[in-house]
Amino acid sequence: MEKGNEKLYFMENLINRIEELKREKGVVILAHYYCRPEVQKVADFLGDSLALSVKARDIDAKTILFAGVHFMGETAKVLSPEKKVLISNPEATCSLAESCKAEALAEMKKKYPNALVVAYVNTTVEVKALTDICCTSSNALQVVQSIPEDKDILFVPDKNLGSYIQKITGRQNMIFWDGGCHVHEKFSKEGILELKKAYPEAKVVVHPECRGEVAELADYCGSTAGILSYCGANDCDTFIVVTEPGILAEMEKKYPAKKFIPAPSVEGKACNECEYMKMITLESIIACLENESPEILLDEEVRQKASKSIEAMVKVG
């Protein structure tokens with residue numbers, strides 16, 4: 001058997017084993033767009049943070065396996081305490097979540113006692129428990145606009161997303177945590193400009209976690225779900241994609257007639273991948289299904305406090 005066919009045969013066997021285990025154990029798999037293409041293939045539901053947070057709550061299943069980074073599994077457990085939530089690789093964390101520790105946030109809240117805390121969903125459950133309302137890149141604008149204009153906002157942990165929302169709303173009473181995504185902060189403005197020269201008709205789609213100078217190049221700036229919708233609705237057939245390239249698998253699946261070009265990083269890489277999302281593999285999913293572990297377990301008092309901030313977000317939309 002040729003090497004390429006051998007690899008394909010091996011992967012098909014892994015996928016078949018996962019499907020068998022899902023049926024046997026009644027497990028539903030939720031996967032983020034940034035996961036490996038083969039991981040996306042075994043997902044029952046694919047989406048961004050907001051869609052998956054709501055799906056985890058509403059889905060009719062006793063056991064959920066979250067193919068995503070650790071905070072996503074925590075969010076699912078917060079909203080669905082009665083369900084068993086599995087995470088295939090607990091070491092798959094998030095640079096944004098790691099940048100904001102609950103103890104440090106508690107100290108910052110003392111400095112701004114009258115500020116309302118808005119926390120990006122890319123945070124730990126302990127941080128969410130100290131938060132008034134969560135947001136995602138899909139609904140950050142709506143969340144901020146839902147807050148009275150005379151109220152100070154402590155926006156954590158993504159300063160780029162916060163600054164982007166501040167620019168749109170013109171609100172000056174926003175205080176930013178000094179955090180950023182290790183993927184989105186490294187996209188190269190110069191590299192994108194070079195791609196625009198090579199593909200002058202291409203539209204540039206950018207995630208708002210990117211630096212301001214990169215976001216300014218965008219024809220569209222929005223969440224992963226928003227980017228997908230924009231590419232489908234736009235007549236253009238070529239897009240320069242400035243977000244984690246895992247989303248390209250879904251883009252190419254949905255819009256096979258269109259061309260998607262991943263933006264380069266400042267380090268000279270042709271694209272900029274999230275090392276944590278790529279830690280989730282078919283093998284780790286099989287081990288998780290077979291053992292029904294690792295499982296997300298949360299302190300109930302912390303979970304209840306975090307639930308209030310997430311539910312407040314879900315109500316906004």
Are the side chains of S163 and F155 in touch, meaning some heavy atoms are under 4.5 Å apart? no
May I ask you to decide whether K189 forms a salt bridge with E216, counting only side-chain N to carboxylate O separations under 4.0 Å? no
Assess whether a salt bridge exists between E267 and K269, defined as any Lys/Arg side-chain N lying under 4.0 Å from an Asp/Glu carboxylate O. yes
Measure across C134 and I310 and return the closest heavy-atom pair with its distance rounded to 0.1 Å. SG-CG1, 4.1 Å
Check whether more than 12 heavy atoms from other residues, nucleotides or ligands sit under 6.0 Å from atom CD of E20, and answer yes or no. yes
Begin from the C-alpha positions of K41 and K253 and carry the test side-chain contact (heavy atoms from CB on, under 4.5 Å) through to its verdict. CA-CA 11 Å; K41 190 176 288 188; K253 178 182 173 183; over 6 Å; no
Would you call E107 and K110 a salt bridge, using N to O less than 4.0 angstrom? yes
As a test of understanding, state which of E185, E209, H207 forms a side chain to side chain donor-acceptor pair (under 3.5 Å) with N160. E185
Using 30° and 60° as the class boundaries, would you call the ring planes of Y34 and H184 parallel, tilted or perpendicular? tilted
Atom pair CG (L52) and OG1 (T75), whose distance is rounded to the nearest 0.5 Å: 10.0 Å
Output the distance between atom CD (E98) and atom OG1 (T93), rounded to the nearest 0.5 Å. 3.5 Å
Which heavy atom of T131 sits nearest to which heavy atom of V117, and what is that distance? CG2-O, 3.5 Å
Is there a side-chain contact between K258 and M251, using heavy atoms and a 4.5 Å cut-off? no
With a 6.0 Å cut-off on the ring centroids, do Y276 and H70 count as close? no
For a side-chain contact (heavy atoms from CB on, under 4.5 Å) check, start with the C-alpha distance between L86 and K25, then their side-chain angles and the critical distance, and finish with the verdict. CA-CA 12 Å; L86 305 174; K25 296 176 179 281; over 6 Å; no
Any non-hydrogen side-chain atom of Y255 less than 4.5 Å from a side-chain atom of F239? no
Looking at N139 and T136, would you say the former's side chain and the latter's main chain have a donor-acceptor pair under 3.5 Å? yes
Would you say that R36 contacts I280 through its side chain, given a criterion of any heavy-atom pair below 4.5 Å between the two side chains? no
How far apart are the closest heavy atoms of D48 and A51, and which atoms are they? OD1-N, 3.2 Å
Taking atom CG of L46 and atom OG1 of T224, what is their separation to the nearest 0.5 Å? 9.0 Å
Nearest heavy-atom neighbours spanning E126 and V302: CA-CG1, 4.1 Å
Kindly indicate, with the supporting measurements, whether the criterion side-chain contact (heavy atoms from CB on, under 4.5 Å) is fulfilled by R57 and V314. CA-CA 11 Å; R57 180 193 63 185; V314 172; 3.5 Å; yes
Between CG of D237 and NZ of K259, what distance do you get to the nearest 0.5 Å? 10.0 Å
Can you measure from NZ (K203) to OG1 (T238) and round to the nearest 0.5 angstrom? 11.0 Å
Determine whether T123 and L105 satisfy the following criterion, side-chain contact (heavy atoms from CB on, under 4.5 Å), listing intermediate values before the conclusion. CA-CA 11 Å; T123 45; L105 177 57; over 6 Å; no
Should P264 and L195 count as side-chain neighbours, where that means a heavy-atom distance under 4.5 Å? yes
Verify salt bridge (charged side-chain N to carboxylate O under 4.0 Å, His left out) between E194 and K197, making sure each step is shown before the conclusion. CA-CA 5 Å; E194 286 299 314; K197 288 180 185 177; 3.5 Å; yes
G246 and Q40: which non-hydrogen atoms are nearest, and at how many Å? O-NE2, 3.0 Å
Quick one, I175 and M108 - any side-chain contact, counting heavy atoms below 4.5 Å? yes
Tell me, with the steps shown, if R211 and E213 meet salt bridge (charged side-chain N to carboxylate O under 4.0 Å, His left out). CA-CA 6 Å; R211 291 174 291 115; E213 65 174 16; 2.3 Å; yes
Could you check whether any side-chain heavy atom of F187 comes within less than 4.5 Å of a side-chain heavy atom of S265, counting everything from C-beta outward? no
Rounded to the nearest 0.5 Å, how far does SG of C100 lie from CG of N122? 11.0 Å
For A312 and I133, the nearest pair of non-hydrogen atoms, with its separation, is O-CD1, 3.7 Å
Does any non-hydrogen side-chain atom of E24 lie less than 4.5 Å from one of L289? no
With a 4.0 Å cut-off, would you call E275 and K278 a salt bridge? no
